[in-house]
Amino acid sequence: SPPLKRSSFHLTFFSFQSPTLKLTLGRFWFLALVVSAATGAQTSSSPYGEGSSAAAAAALGSSKLAHSAVTRRDRLLTASENYQKSMRQVTRAPTIDRVTAAPNPSDELSQRLIAAFPETSGREADIVVARAPGRVNLIGEHTDYNGGFVLPFAIDMDVRIALLPSDEPRIRIHREDNGETATISLDPFPPKGDAWHDYIAGTAWALAEHGQPVRGFDGVLVSRLPIGSGLSSSAALEVVTAWALSAPEGPAVSPLEVARISQYAENQHVGVMCGLMDQFASACGVDGSALLFDCRSTEWRAVHLPEELA
């Protein structure tokens, strides 16, 4: 995706089309007026101005400001209620143009898998590639775990696993960037740890906890998301693992449920008490759109981005 033109995008999109931003700015404006009103009231009752015409004018002005603020607040609340009604009418999980998928395996990834596990040679036709994108958030930092609104979008940088499903109750995963290979048991599941593959083990455990079948595989992990860059590489790893463990058909639950299960893995197994936004954006991303997500009700809709920004 091209760099975000924040200034023009702010003016044309956020200021005029985002009810959430309007409501937030309106609340700040209302608070400022209330403070002004309180200051005026204190002036009118001070020993220096009591009974004077200046004090009376200040009190009258404060009263008008307070009345104007209440009227503005009521209008904002009405707009918010109308917005909530529109959210309730949208589809919870659109199914078109989704960016999380199982694309056809490339020759390069197939060769990497065979190089990591030579015994898989000759099974190239069975190789599956699962992918999950990272995300950038436009509005709502730190509001997802407080039940607020967020507006993330999935990006074209992703995490991929090229894999061959296995009937063995274990995962063998080779990490391409550092050459490490891990073996993860699926029966029983391993205890919590602090290794990179705990995200994979935790997702397998979380799927089983939610009644979803998991299938072992031999795989190669390739990431185009820099670790610690704020692009949600851990959430993408959890989501792509859910796809890999459900290969070749993919998860039997909705993308939003995949996000919930992935979040559960990070909260309960990895030990990071994150909100749902990162996993949601990776699992439910829609090509060319941001995702307006109500983290309290989990209702959401795709918001089309201008072509020069998408």
Side-chain angles (χ1 to χ4, degrees), residues 92-93 100 130-135 137 140-150 152 154 158-159 161 163 169-173 175 180 182-217 219 221 223 225 227-247 250-285 291 293-300:
R92 279 182 174 267
T100 301
R131 66 174 295 265
R135 69 99 185 98
N137 190 36
E141 295 297 334
H142 306 296
T143 59
D144 58 336
Y145 46 79
N146 289 310
F149 291 92
V150 292
D158 56 24
V159 177
I161 296 179
L163 65 108
R170 55 101 182 103
I171 298 169
R172 290 194 303 170
I173 185 77
R175 182 171 166 175
E180 293 183 9
T183 300
I184 303 167
S185 172
L186 298 179
D187 187 18
F189 293 103
K192 301 176 183 179
D194 57 1
W196 61 268
H197 48 79
D198 286 330
Y199 290 91
I200 298 174
T203 303
W205 167 81
L207 283 166
E209 285 286 297
H210 285 77
Q212 299 303 310
V214 294
R215 185 177 184 183
F217 63 84
L221 173 66
S223 177
L225 290 170
I227 298 174
S229 61
L231 300 177
S232 299
S233 59
S234 61
L237 177 56
E238 291 155 357
V239 172
V240 77
T241 297
W243 273 81
L245 287 163
S246 308
V253 295
S254 70
L256 182 59
E257 187 62 18
V258 170
R260 287 196 183 104
I261 293 172
S262 298
Q263 180 201 21
Y264 185 79
E266 188 153 350
N267 291 168
Q268 302 301 321
H269 189 89
V270 179
V272 177
M273 300 309 295
C274 63
L276 183 57
M277 176 181 68
D278 295 348
Q279 291 84 0
F280 161 76
S282 183
C284 299
L291 307 175
F293 183 44
D294 183 340
C295 297
R296 179 170 297 178
S297 69
T298 69
E299 293 175 326
W300 66 280

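Just so it is clear, the structure is predicted and the values come from calculations on it, not from any experiment.
- Side-chain contact between Leu276 and Phe293 is present, with heavy atoms from C-beta onward closer than 4.5 Å.
- One distance of note links CD of Gln212 with OG1 of Thr203; it measures 13.0 Å at 0.5 Å rounding.
- We find the CZ-OG1 distance between Phe217 and Thr241 to be 6.0 Å, quoted to the nearest 0.5 Å.
- Taking OG of Ser246 as the reference point, atom CG of Leu207 lies at 5.5 Å (rounded to 0.5 Å).
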Trace of the side chain to side chain contact (heavy atoms under 4.5 Å, CB included) decision for Glu266 with Ser234: CA-CA 9 Å; Glu266 188 153 350; Ser234 61; 3.7 Å; yes

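- Residues Asp294 and Trp300 form no side-chain contact, since every pair of their non-hydrogen atoms from C-beta on lies 4.5 Å or further apart.
- The side chain to side chain contact (heavy atoms under 4.5 Å, CB included) test with Ser223 is passed by exactly one of Val159, Val240, Asp158: Val159.
- Closest approach of Ala132 to Val239, counting heavy atoms only: CB-CG1, 3.8 Å.
- With Asn267 contributing its side chain and Val272 its backbone, the two residues share a donor-acceptor pair below 3.5 Å.
- When atom types are taken as modelled, the side chain of Ser232 and the backbone of Ala235 share no donor-acceptor pair closer than 3.5 angstrom.
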From CA spacing to verdict: side chain to side chain contact (heavy atoms under 4.5 Å, CB included), Ile184, His197: CA-CA 8 Å; Ile184 303 167; His197 48 79; 3.9 Å; yes

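- The CG atom of Leu237 sits 6.5 Å away from atom CD1 of Ile161, with the distance rounded to the nearest 0.5 Å.
- A donor-acceptor pair under 3.5 Å is formed between the side chain of Ser282 and the backbone N or O of Pro133.
- Considering only heavy atoms from C-beta on, Cys274 stays 4.5 Å or farther from Tyr145 through its side chain.
- Side chains of Val150 and Asn137 form a contact here, defined as non-hydrogen atoms less than 4.5 Å apart.
- Taking all atoms of both residues into account, the shortest heavy-atom contact from Cys284 to Leu256 is SG-N, 3.6 Å.
- Note that Arg175 lies in the cation-pi zone of Trp196, set by a 6.0 Å cut-off to the ring centre and a 45° limit from the axis.
- Nearest approach of Ala195 to Asp198, heavy atoms of both residues: N-OD2, 2.7 Å.
- The two residues Arg296 and Gly147 come nearest to each other via the heavy atoms CB-O, 3.6 Å.
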Verdict with reasoning, Ile171 to Thr183, per side chain to side chain contact (heavy atoms under 4.5 Å, CB included): CA-CA 6 Å; Ile171 298 169; Thr183 300; over 6 Å; no

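- Interatomic distance, CD of Glu209 versus CZ of Phe189, reported as 8.0 Å (0.5 Å rounding).
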Steps toward side chain to side chain contact (heavy atoms under 4.5 Å, CB included) verdict (Cys295, Thr143): CA-CA 8 Å; Cys295 297; Thr143 59; 5.7 Å; no

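- Interatomic distance, CD of Gln263 versus CD of Glu238, reported as 9.5 Å (0.5 Å rounding).
- The backbone N or O of Gly148 sits nowhere less than 3.5 Å from a side-chain atom of Asn146 that would complete a donor-acceptor pair.
- In this structure, the side chain of Arg135 engages the main chain of Gly230 through a donor-acceptor pair within 3.5 Å.
- No donor-acceptor pair closer than 3.5 Å links the side chain of His269 to the backbone N or O of Ala265.
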Check against side-chain hydrogen bond (donor to acceptor under 3.5 Å, both in side chains), Gln268 and Trp205: CA-CA 10 Å; Gln268 302 301 321; Trp205 167 81; over 6 Å; no

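- In this model, a donor atom of one side chain and an acceptor atom of the other lie less than 3.5 Å apart for Thr298 and Arg260.
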